[in-house]
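See below for the structure under consideration.
In the text below, chain A, chain B and the rest are named by the order of the sequence lines, each starting its count at 1.
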Protein chains: 2
Amino acid sequence: MSTVELGELGDEATTGTLAEQVFFRLREAIVAGELQPGERISEPALAGRFGVSRGPLREALARLAERHLLERTTHLGARVVSLSFPKLIDLYHAREALEGMACRLAAERATPETLAALEGLLDNHERRAPLHEGAAYVQDQGDLDFHFRIAQASENPALIPILCDQLYHLMRLYRRTFVAQGVRSKTALREHRAIVDAMKERDGPFAEQLMRRHIAKARKSIEDLYAAQLRAGDVKEE
Amino acid sequence: MSTVELGELGDEATTGTLAEQVFFRLREAIVAGELQPGERISEPALAGRFGVSRGPLREALARLAERHLLERTTHLGARVVSLSFPKLIDLYHAREALEGMACRLAAERATPETLAALEGLLDNHERRAPLHEGAAYVQDQGDLDFHFRIAQASENPALIPILCDQLYHLMRLYRRTFVAQGVRSKTALREHRAIVDAMKERDGPFAEQLMRRHIAKARKSIEDLYAAQLRAGDVKEE
DNA sequence: AGCTCCCGTATTGTTGACAGCTTTTCCGGA
DNA sequence: TCCGGAAAAGCTGTCAACAATACGGGAGCT
């Protein structure tokens, strides 16, 4: 139910301390939209819902706040992070930098098997894409899978946590909320192909450049969408 | 005692909940070297030292682990993160990507006042540099100040926390431990000048390129140092 | 009527104690 | 002397209760 291909790529672990379990379950609840963005969180209520005491819960809250999925205010409680177009655009700037670098490193380091797996991933996407046309959900999930699999292939323990533990889940949250820019599905797949090709040629700098342009294009399409909605008055400026 | 110029740039706050205070004090203790890298942390001991109960302390531990200053293992406790050359090199790769982007954004967005302040900062560094030749400590602190002031000037709430809340303190920790690569002081200052010049010309892409080369050069000098120590057998490979 | 002040209520912040796991130590045997 | 195992000590994980603060409503004053 969670991912399209293979297993999870993050730091999941269904076992361990209660604080850990609550951390994962709560994160999933946020990303899945069970707890709406901006919604206030009641500690006693959540503790009851998860069947734990407030101790482990507060530990989980602290961790999630550190990852910017929650915002805590002293004596006032925690709220699910609130979303906005400007924040999403900022996120894409960070992704452009980080994933570009990750792509360069992955191009230089990834094993042939990893590269083949990446290509297989794209084959699957291509095969599935025409099936439910416009159903961008699967496609988007696949897109995230592709991006963060490259992050892992960078084998850089400084980049991976930032991309896979922080930005990845924020992106999932945004995808769930600001749906359906699946318009770029077709051309995105083509760009993914080009990236993998560059990686197979072991051309790190070029792979980085392609990845950066790929993400920058996605950002621009979001900026356009934002500008349009601004003109239509659909969304408050801020 | 803490910074060379102006006030702190992070998220400090001496007041608030106990958990918050402990978080800041413990982070400072780690970065300052009071708690040595790799050292095990006893919750009762630390709780006693800070005069708080274990509840708030554990919240602080969870947050610090999220920022990779601690490593926690179930039923086994927390350890201060252990340092290594490869990790430091990975860190520089991340910085190259992130600070490059931050520099580009700052070049496009920073107010003339901010740019002037940046130049003033460099003037101060230049004035102080020859005073205590080789005393790279102040110089290094100044270097970090410069870099993370640019991060703030990017005005990107996705980049700033990563650079200023996570990488900044890790860098301080490494500087304290793997001392004295102040050899690059002179040329680093020149490169800083060039970066600010590009920013003043509002040439975002060029400023980014300069920043990336600047950080890449620093990384390479560290890689050389590492290779030399490897040959000398000073440090275990891993 | 509207504003201010005050009090009750609910929620967050914090504590101390209990349960389970890990490690250490100590003792007996080879 | 060295090794193995069991008990004990210490630590981490968890809980329920206490303290302090913020929110909501009503009375009283202007």
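A:Y226 and A:F85 have parallel rings, their planes meeting at less than 30° on a 0 to 90° scale where 60° marks the start of perpendicular.
Using a 4.5 Å cut-off on side-chain heavy atoms (C-beta onward), B:L61 and B:E43 make contact.
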Report all interatomic pairs (protein N or O, nucleotide N or O of nucleotides 13-19 of chain D) with separations under 3.5 Å.
unit_1 : atom_1 : unit_2 : atom_2 : d
D:dG13 : OP1    : B:H75  : N      : 3.3
D:dG13 : OP2    : B:R58  : NH1    : 2.4
D:dG13 : OP2    : B:R58  : NH2    : 2.9
D:dG13 : N7     : B:R54  : NH2    : 2.7
D:dG13 : O6     : B:R54  : NH1    : 3.1
D:dT14 : OP1    : A:L18  : N      : 2.3
D:dC15 : OP2    : A:S53  : N      : 3.0

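When every heavy atom of A:R27 is checked against every heavy atom of A:L69, the shortest pair comes out as CG-CD1, 3.6 Å.
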Tabulate below the donor-acceptor pairs under 3.5 Å that side-chain atoms of residues 100-109 of chain A make, not counting sequence neighbours, or state none.
unit_1 : atom_1 : unit_2 : atom_2 : d
A:R104 : NH1    : B:E96  : OE2    : 3.4
A:R109 : NH1    : A:S154 : O      : 2.8

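Here the P atom of nucleotide D:dC11 and the CZ atom of B:R79 are 15 Å apart, to the nearest Å. Here D:dG10 presents its C1' atom at 17 Å from CD1 of B:I41, a figure rounded to the nearest Å.
Checked against side-chain contact (heavy atoms from CB on, under 4.5 Å), B:R79 has the following partners two or more places apart in sequence or in another chain: B:R40.
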